[in-house]
Trainee: 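Below is one structure. I have some questions about it.
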Amino acid sequence: MSSKAKRFWTPGPVIVGAGPSGLAAAACLKERGVPSLIIEKESCLASLWKLKIYDHLQLHLPKQFCQLPYVPFPREYPAYPSGQQFITYMEAYANHFEIEPLLGQEVQWAKYDAAMGHWRVKTHEYEFMCRWLIVATGENEVPVLPKIPGISEFRGRLLHTSTYKNGVEFRASKVLVVGCGNSGMEISFDLCKNGAQVSLVVRDKVHILPKKILGRSSFAISVWLLKWFPVDVVDRFLLFCSRLVLGDTKQIGIQRPKMGPLQWKNSVGKTPVLDDGAFAKIKSGEIKEASLFNQKNNNNPQDSYPKNWKGKNGVYSVGFARQGLLGISMDAHKVADDIASQWNSETRHLWLDS
Ligand SMILES: Cc1cc2nc3c(=O)[nH]c(=O)nc-3n(C[C@H](O)[C@H](O)[C@H](O)COP(=O)(O)OP(=O)(O)OC[C@H]3O[C@@H](n4cnc5c(N)ncnc54)[C@H](O)[C@@H]3O)c2cc1C
Ligand SMILES: NC(=O)C1=CN([C@@H]2O[C@H](COP(=O)(O)OP(=O)(O)OC[C@H]3O[C@@H](n4cnc5c(N)ncnc54)[C@H](OP(=O)(O)O)[C@@H]3O)[C@@H](O)[C@H]2O)C=CC1
Ligand SMILES: O=C(O)C(=O)Cc1c[nH]c2ccccc12
């Protein structure tokens, strides 16, 4: 049986993914008069936030660092909006810019046709042809489930953090949480508060910073200090404050990388854990530490920040700089500026004059 996908030429860029990155890119383009088409594999926009986060999630950076271009969060939102509030904001954002992603279409492949000078973007039903392609599929798309020998004989529940909702079903159960990133730490804390007996596997060095220092967001303080001081000085300040607030993490077996937390984030891409209470539970022994490993996971290297957003032949990416929503907004502006200048000089008249 020959299945011919319906073909469409899209005048502006095709954007793959309707998360914050895709929405931000579409909005920035629209502001510059460039139409775009978002293709999303799930049946909704902001799918990570609607389908894959736990009930009690709050943004871990203050809201001014998490808003998308042009539209601030509502004034009545708290300093750290909840996941649900962020979803409501993104829905309103899409409505405001009249962004209507094509839903339920997974991009299977995208190829550059050098002879024709355009991209071919294929979903199971359609093939889109476009001059520009923006990849906004997210850094957190593929769940990592380590291969654990003998796991098939495990009779308990096995789940990835992206399907964890709350600790109700784990009350009084023994739970092993593998991985000490923000997900592992926050979910350990949530489990602990729900009466589970939690152990946490920390296999390598990790930077844990207090979410707040003297009631102020440590991230906001860092951004402010970076206006005057180089990153290594700010890192030393953060480590000094962390020691005052949390104590020496090495005392309980959690070692810090040699490089400071912001430099570590910028060069290796690992987000420091912003602690909001879990660390105290580890210290008190309520969350136990399982053995310390030192085997490295495969990294997901990206072209290094800040040159991450532009590839060859009109392909772009938004949301791969490991810089969170703030980085997404910066990427979206850069991509849209670049495309808009080409659109205005070479493409616009073809559509408006015909
Ligand atoms: C639990 C969690 C909390 C976070 N909290 C914060 C925070 O407080 N502050 C902060 O700055 N950052 C935070 N981040 C980091 C980052 O800001 C978010 O991950 C953000 O959602 C990234 O946006 P994105 O659009 O790049 O990716 P995503 O939100 O993952 O969106 C990508 C979209 O692309 C779609 N897609 C993927 N592949 C295809 C395909 N082949 N075809 C079609 N569609 C496809 C997906 O379905 C998805 O809808 C958090 C991340 C996580 C996981
Ligand atoms: N409230 C919020 O705003 C939240 C934000 N987030 C964000 O979501 C993103 C994803 O975070 P997260 O889900 O924590 O993922 P991360 O990749 O940040 O962390 C995963 C952790 O698991 C460890 N790990 C991986 N495989 C193994 C293994 N086989 N054995 C032992 N340890 C292992 C990694 O160790 P190693 O470093 O050695 O590879 C790493 O410490 C981040 O940007 C984070 O900041 C997440 C949760 C809440
Ligand atoms: O939440 C995330 O994953 C982020 O990437 C946000 C973020 C960007 N830069 C940081 C530095 C320290 C802690 C969080 C972040």
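Heavy atoms only: backbone and side chains are in, while hydrogens, waters and symmetry mates are out.
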Trainee: Do Ser284 and Glu286 pair up side chain to side chain, a donor and an acceptor below 3.5 Å, judged on atom types alone?
Mentor: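 There is such a pair between these side chains.
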Trainee: For Gly179 and Leu200, work out which heavy atoms get closest and say how close.
Mentor: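 Distance-wise, the nearest heavy atoms are O-CD1, 3.5 Å.
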Trainee: Using the ring of each side chain (for Trp, its six-membered ring), is Tyr89 parallel, tilted or perpendicular to Phe86, with breaks at 30° and 60°?
Mentor: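 If you compare the ring of Tyr89 with that of Phe86, the planes turn out parallel.
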Trainee: Test of understanding: clusters of I, L, V, M, F, W, Y form through side-chain heavy atoms closer than 4.5 Å, transitively. Do Val231 and Trp224 belong to the same one?
Mentor: yes
Trainee: Please determine whether salt bridge (charged side-chain N to carboxylate O under 4.0 Å, His left out) holds for the pair Lys211 and Asp276, giving the CA-CA distance in whole Å, both sets of side-chain angles, and the decisive distance to 0.1 Å.
Mentor: CA-CA 6 Å; Lys211 181 170 155 183; Asp276 206 12; 3.2 Å; yes
Trainee: Is a donor on one side and an acceptor on the other found under 3.5 Å between the side chain of Ser329 and the backbone of Leu325?
Mentor: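 Yes; judged by distance alone, with no hydrogens or angles, the pair exists.
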Trainee: Please give me the minimum heavy-atom distance between Arg322 and Gly269, naming the atom from each residue.
Mentor: CD-CA, 3.1 Å
Trainee: Indicate yes or no for a side-chain donor-acceptor contact from Lys334 to the backbone of Lys310 under 3.5 Å, with no hydrogens or angles considered.
Mentor: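 Not a single qualifying donor-acceptor pair exists.
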Trainee: Can you tell me how the ring of His333 sits relative to the ring of Tyr70, calling it parallel under 30°, perpendicular over 60° and tilted otherwise?
Mentor: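 Correct class here is perpendicular.
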Trainee: With side-chain contact (heavy atoms from CB on, under 4.5 Å) as the test, would you mind laying out the steps for Lys265 and His207 before giving the verdict?
Mentor: CA-CA 10 Å; Lys265 167 83 175 156; His207 273 303; over 6 Å; no
Trainee: Examine distances only and state if a side-chain atom of Asp235 and a backbone atom of Met259 form a donor-acceptor pair shorter than 3.5 Å.
Mentor: no
Trainee: Val315 vs Tyr112, test: side-chain contact (heavy atoms from CB on, under 4.5 Å). Steps then yes/no.
Mentor: CA-CA 9 Å; Val315 68; Tyr112 184 63; over 6 Å; no
Trainee: Quick one, Asp232 with Arg236, criterion salt bridge (charged side-chain N to carboxylate O under 4.0 Å, His left out). Give me CA distance, side-chain angles, the key distance, then yes/no.
Mentor: CA-CA 6 Å; Asp232 56 314; Arg236 264 183 275 150; 3.4 Å; yes
Trainee: Carefully, step by step, assess Gln323 and Ile328 under the rule side-chain contact (heavy atoms from CB on, under 4.5 Å).
Mentor: CA-CA 7 Å; Gln323 297 292 326; Ile328 286 170; over 6 Å; no
Trainee: Is it the case that over 12 heavy atoms from other parts of the model lie below 6.0 angstrom from the CZ atom of Phe8?
Mentor: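 Enclosed.
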Trainee: Under a 4.5 Å side-chain heavy-atom rule over Ile, Leu, Val, Met, Phe, Trp and Tyr, are Trp49 and Tyr80 clustered together?
Mentor: no
Trainee: Would you check if the side chain of Asn194 reaches a backbone N or O of Asp190 as a donor-acceptor pair within less than 3.5 Å?
Mentor: yes
Trainee: So, for Ile134 and Pro13, which heavy atoms are closest and what is the spacing to 0.1 Å?
Mentor: CD1-CB, 4.1 Å
Trainee: Whether the side chain of Arg32 engages the backbone of Cys28 through a donor-acceptor N/O pair (distance < 3.5 Å, no angle test) should be reported.
Mentor: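 A pair under 3.5 Å: yes.
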Trainee: For Pro261 versus Pro272, what's the shortest heavy-atom pair and its separation?
Mentor: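 Minimum heavy-atom separation between Pro261 and Pro272: O-CG, 3.9 Å.
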Trainee: Is any side-chain heavy atom of Val121 closer than 4.5 Å to one of Cys130?
Mentor: yes
Trainee: After noting the C-alpha distance and the side-chain angles of Leu238 and Leu262, does the key distance pass the side-chain contact (heavy atoms from CB on, under 4.5 Å) rule?
Mentor: CA-CA 9 Å; Leu238 283 174; Leu262 297 179; 3.8 Å; yes
Trainee: Quick one about Gln342 and Asp338 (side-chain donor to acceptor, distance below 3.5 Å, no hydrogens or angles considered), yes or no?
Mentor: yes
Trainee: Within the 3.5 Å criterion, strictly below it, is a donor on Ser47 or Glu42 matched to an acceptor on the partner's side chain?
Mentor: no
Trainee: Should Phe279 and Ile213 be regarded as members of a common hydrophobic cluster, given that ILVMFWY residues are connected when their side-chain heavy atoms come within less than 4.5 Å of each other, either directly or indirectly?
Mentor: no
Trainee: Step by step, would you call Gln105 with Glu40 a side-chain hydrogen bond (donor to acceptor under 3.5 Å, both in side chains)?
Mentor: CA-CA 6 Å; Gln105 294 285 325; Glu40 166 58 50; over 6 Å; no
Trainee: Do you reckon Leu226 sits in the same ILVMFWY cluster as Trp228, going by side-chain contacts under 4.5 Å, direct or chained?
Mentor: yes
Trainee: Less than 3.5 Å apart, any donor N or O on the side chain of Asn166 or Tyr54 sitting next to an acceptor on the other?
Mentor: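 On atom types as modelled, these side chains do not qualify, holding no pair under 3.5 Å.
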Trainee: With distance as the sole test, does Thr10 use its side chain to make a donor-acceptor pair with the main-chain N or O of Met129 at under 3.5 Å?
Mentor: yes
Trainee: Scan side-chain atoms only and decide if Tyr316 and Asp331 contain a donor-acceptor pair under the 3.5 Å cut-off.
Mentor: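 Note: Tyr316 and Asp331 side chains miss the donor-acceptor criterion.
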Trainee: Could you check Gln255 against Asp204 for side-chain hydrogen bond (donor to acceptor under 3.5 Å, both in side chains), going step by step and ending with a plain yes or no?
Mentor: CA-CA 8 Å; Gln255 301 198 26; Asp204 209 348; over 6 Å; no
Trainee: Can you check whether Gln85's main-chain N or O pairs, donor with acceptor, with Ser82's side chain at less than 3.5 Å?
Mentor: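 Yes, Ser82 side chain to Gln85 backbone: donor-acceptor pair under 3.5 Å.
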Trainee: Looking at Leu246, is its backbone amide N or carbonyl O close enough to the side chain of Lys283 to form a donor-acceptor pair, meaning the two atoms are under 3.5 Å apart?
Mentor: yes
Trainee: Output yes when Lys122 and Glu127 qualify as a salt bridge under the 4.0 Å nitrogen-oxygen rule, no when they do not.
Mentor: no
